[in-house]
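Heads up, the thing below is written out as structure tokens.
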Amino acid sequence: MMTNGVVHANIFGIKDWVTPYKIAVLALLYEMSTTKPMALLDRRRLNKLILPLQQMLLAYNKLSFSQVYKLYKSLQQYCRRGNQPELSALPAEDMELTSNEDPSADHIDKVELDTPSLHQSELRSDESRGPLSQKQAEYFLARQAYLLKNDENKAMSPAKLQDELNNILKFNPDFAEAHYLSYLNSMRVQDIYISTHSLLHYFDRLILSGGEGKSNGDEGYGRSLRYAVLNLATLHCRFGHYQQADLALQEAIRIAQEANDHVCLQHCLYLASLGIQSLVQQGAKQGMPANKLLDALRGTDIMHWKQSLSELIEISLAQTTSIWRMYGKSTMARQQAQLLLNMNSLEPVNFSVQQNNTEAFAVALCHLAELHAEQGLYAVVSDIMKHLKQQFPPHTQHAKLWMLCDLKIQFEKAMNDGKYHLAEPHVTAISALNSTEGLYRKAQLLKALNQTTEASKILQQLQQQCEKSKNTEMIIRVMLASAELHWDSSGFATALPLLLQALALSRQHNLQSLTSETLLHLAFTQLMLGIPEQALVLVQDVLESVLAHGSLIDKGRALLLAARCQMALAGAAAQEHRLTAVELAVHTLDEAAVYFSQLDCKERMRDIHYLQARLHHTLGNISQRNKCAMLFRLLDQELPSSGMTVVNRL
């Protein structure tokens with residue numbers, strides 16, 4: 001069995017091997033003990049150290065004549081090549097320790113490498129590979145299993161590790177723990193076939209061999225069966241097969257209760273907590289009230305802290321961070337992420353590894369990177385990404401998280417800067433990691449390039465996919481993008497049904513940020529339809545929420561829209577109130593310019609300078625008008641014409 005990712009040394013029926021290397025070591029030790037005078041204490045220490053090699057001697061006595069001859073030939077070849085510079089490339093032929101007279105012993109007659117260092121074994125080719133000794137295999141499995149759990153960065157890559165495991169299982173297919181490590185390794189690359197295959201083989205070997213016996217006061221067969229079902233439930237949960245996972249978990253609980261196995265029931269409780277967290281995630285997507293979801297998480301967190309289940313605490317904090325971000329509460333999301341990153345692990349850590357390499361930490365760091373990017377703090381984002389790349393290299397299983405996060409940040413930055421030629425390659429890369437996000441970004445890019453027909457087709461395709469997967473958040477974003485296409489094609493009035501439907505969905509699912517964005521779209525539509533009073537009321541209703549939790553681009557857009565509503569109202573105001581209304585609009589534009597300038601959003605700044613020049617002209621501020629007009633002209637010459645002006649976009 002495995003506890004905390006470490007294989008317990010319970011190796012049954014393991015075969016060890018006689019190799020030329022070990023024979024040479026014995027010869028060296030013999031020469032040392034016979035030619036060099038040694039003190040009695042030193043001799044005792046030496047005898048104690050070489051005691052395991054005396055078992056290699058017992059096996060030698062059991063070899064047949066043909067096997068001894070083959071060993072002699074391989075030892076002779078080993079000694080002749082001993083002076084070559086690359087010692088690890090020497091061929092060696094191993095003889096099975098437990099072999100008696102075996103007429104089919106010819107299958108051992110293969111050329112293989114024998115390396116004293118375990119980590120050098122990954123350099124060997126299939127044609128020259130031989131079996132590891134028992135202690136080498138034990139250490140290899142324990143070390144790699146521990147690193148997979150605590151510091152995947154230091155573990156072997158999935159391909160190399162699987163290669164080593166295949167080599168171990170080639171010489172001893174009943175090595176149960178090797179099958180379990182193969183299961184863990186396959187989970188890294190989301191290979192459901194090999195992971196299921198390896199997990200079932202692990203418990204088949206464990207049960208059939210009687211490896212657990214009754215030494216621990218429990219029936220080995222039944223105990224293995226309980227843990228087999230429990231691990232199968234974990235496997236199904238990992239791949240999103242929640243119904244199968246629930247059935248397997250119920251079966252594991254039933255047989256654990258029958259056997260009065262409190263340890264297994266505790267592990268079932270672990271899985272039950274994961275199930276609750278999964279249900280909370282599904283409930284958030286399906287529009288359950290936020291207070292019920294957070295109460296459910298709080299109830300499980302109390303149990304996690306009592307039981308010192310640090311992994312579940314970390315998962316809960318990461319999930320709470322994601323939920324707050326989905327609801328549009330960026331301040332609460334930052335607080336939960338910082339709480340996770342500053343939490344001391346409750347588990348002891350060995351092998352000089354860090355504990356901040358779990359999926360929960362990767363999720364929290366990605367959220368922080370996106371939150372900082374929304375505020376224009378790209379230097380901080382660069383530092384966070386640098387740490388993520390060091391902690392989660394591309395070959396690790398959680399690297400996909402920061403890759404997608406980094407690409408989305410780069411895409412948004414390029415779009416805000418109006419550099420659409422830089423955003424295009426990011427769309428392809430995003431699609432490779434997440435097809436849904438890739439399609440949405442592609443539609444955004446096509447819309448910005450005025451390719452409305454192609455953008456509309458992609459949005460229709462994306463909406464159908466999201467409706468099947470019940471991705472409500474993306475459905476709302478698709479509706480907003482489709483409404484923007486209606487603004488440019490069929491008119492502003494045709495966008496109202498889509499916007500009202502998006503508003504109902506966002507309120508039903510407690511998505512405050514999307515609710516605010518939808519209301520801004522409605523306000524802009526009303527402004528374009530000639531009712532600026534209602535538009536300004538809507539903007540003022542959401543302005544506080546946007547300024548408190550929104551990104552810089554959202555804050556700037558909201559203030560710019562408010563200024564445009566104020567300009568429209570100033571034009572219809574009485575003469576004695578008109579100048580005051582225009583001055584208020586100028587002040588609002590100045591506030592919007594602060595946010596756009598922090599993002600270096602030149603397209604938006606061009607719009608700001610255009611409106612400022614018009615307002616200063618109305619007020620009679622000639623110097624300010626000329627300054628703003630000059631800034632507008634410089635940006636207009638620098639930026640390519642996108643066909644979208646301040647008149648027809650939010």
Side-chain angles (χ1 to χ4, degrees), residues 374-376 378 412-423 444-445 447-452 484 487-488 492 520-521 523-525 527-528 530 532 535-536 539 543 546-547 550-573 578-650:
E374 289 177 357
Q375 304 306 317
Y378 292 109
E412 295 297 336
K413 188 175 186 301
M415 293 294 289
N416 291 338
D417 294 342
K419 299 177 180 178
Y420 305 131
H421 64 287
L422 297 179
Q444 281 186 308
L445 181 61
K447 181 169 65 69
L449 295 173
N450 290 327
Q451 300 180 20
T452 55
E484 293 176 1
W487 292 346
D488 300 329
F492 291 93
L520 290 178
H521 279 69
F524 179 75
T525 304
L527 175 63
M528 293 294 102
L536 186 58
V539 174
L543 193 57
V546 172
L547 293 178
S551 62
L552 287 183
I553 191 71
D554 291 334
K555 296 174 185 178
R557 289 167 63 195
L559 289 170
L560 176 57
L561 180 57
R564 295 186 60 188
C565 293
Q566 292 167 352
M567 289 175 61
L569 291 174
R578 182 173 300 173
L579 293 180
T580 304
V582 171
E583 289 176 352
L584 179 61
V586 170
H587 177 70
T588 306
L589 283 176
D590 291 340
E591 291 186 29
V594 172
Y595 295 117
F596 289 136
S597 61
Q598 291 179 8
L599 279 176
D600 194 24
C601 190
K602 295 181 180 180
E603 278 200 335
R604 297 289 182 173
M605 289 302 299
R606 178 175 59 179
D607 297 342
I608 292 284
H609 293 319
Y610 170 76
L611 295 176
Q612 284 176 331
R614 290 184 55 186
L615 293 178
H616 284 301
H617 178 75
T618 303
L619 293 173
N621 299 332
I622 304 302
S623 61
Q624 290 294 327
R625 179 201 66 183
N626 293 341
K627 178 183 176 180
C628 294
M630 182 189 67
L631 292 174
F632 166 77
R633 181 176 177 82
L634 291 175
L635 288 176
D636 192 56
Q637 291 175 346
E638 178 184 350
L639 297 174
S641 177
S642 63
M644 298 182 66
T645 65
V646 69
V647 177
N648 61 352
R649 72 170 177 182
L650 173 58

To the nearest 0.5 Å, how far apart are [atom1] in [X] and [atom2] in [Y]?
X: L611; Y: F632; atom1: CG; atom2: CZ; result: 9.5 Å
X: L619; Y: H617; atom1: CG; atom2: NE2; result: 10.5 Å
X: L589; Y: F596; atom1: CG; atom2: CZ; result: 9.5 Å
X: L569; Y: M567; atom1: CG; atom2: CE; result: 11.0 Å
X: M605; Y: L635; atom1: CE; atom2: CG; result: 7.5 Å
X: S623; Y: H616; atom1: OG; atom2: NE2; result: 8.5 Å

Do [X] and [Y] have side-chain heavy atoms sitting under 4.5 Å apart?
X: Q444; Y: E412; result: yes
X: I622; Y: N626; result: yes
X: D600; Y: K602; result: yes
X: H587; Y: E583; result: no
X: R564; Y: M528; result: yes
X: Q612; Y: Q624; result: no

Parallel, tilted or perpendicular: which fits the ring planes of F492 and F524, with parallel below 30° and perpendicular above 60°?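 Correct class here is perpendicular.
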Does a salt bridge link R557 with D554, judged by any charged N lying under 4.0 Å from a carboxylate O?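 Yes, R557 and D554 are salt-bridged.
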Intermediate values then yes/no, side-chain contact (heavy atoms from CB on, under 4.5 Å), E484 and H521: CA-CA 8 Å; E484 293 176 1; H521 279 69; 2.7 Å; yes
For residues [X] and [Y], report the shortest heavy-atom separation together with the two atoms involved.
X: N416; Y: C601; value: O-SG, 3.0 Å
X: R606; Y: D636; value: NH1-OD1, 3.2 Å
X: G376; Y: L599; value: CA-CD2, 3.8 Å
X: G550; Y: K555; value: O-CE, 3.2 Å
X: M415; Y: A423; value: SD-CB, 3.9 Å
X: L527; Y: A568; value: CD1-CB, 4.0 Å

Test your reading of the model: is there a side-chain donor-acceptor pair from E591 to the backbone of V586, 3.5 Å cut-off?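 Looks like no, no N/O pair under 3.5 Å.
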Run the side-chain contact (heavy atoms from CB on, under 4.5 Å) test on L615 and N621 for me, step by step, so that the C-alpha distance in whole Å, both residues' side-chain angles and the decisive distance to 0.1 Å come before the verdict. CA-CA 9 Å; L615 293 178; N621 299 332; over 6 Å; no
Taking atom CZ of R625 as the centre, report whether more than 12 heavy atoms of other residues, nucleotides or ligands fall under 6.0 Å from it.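 Buried by this count: over 12 neighbours within 6.0 Å.
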Residue from I553, L552, L560 passing side chain to side chain contact (heavy atoms under 4.5 Å, CB included) with Y595: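 One option only clears the test, and that one is L552.
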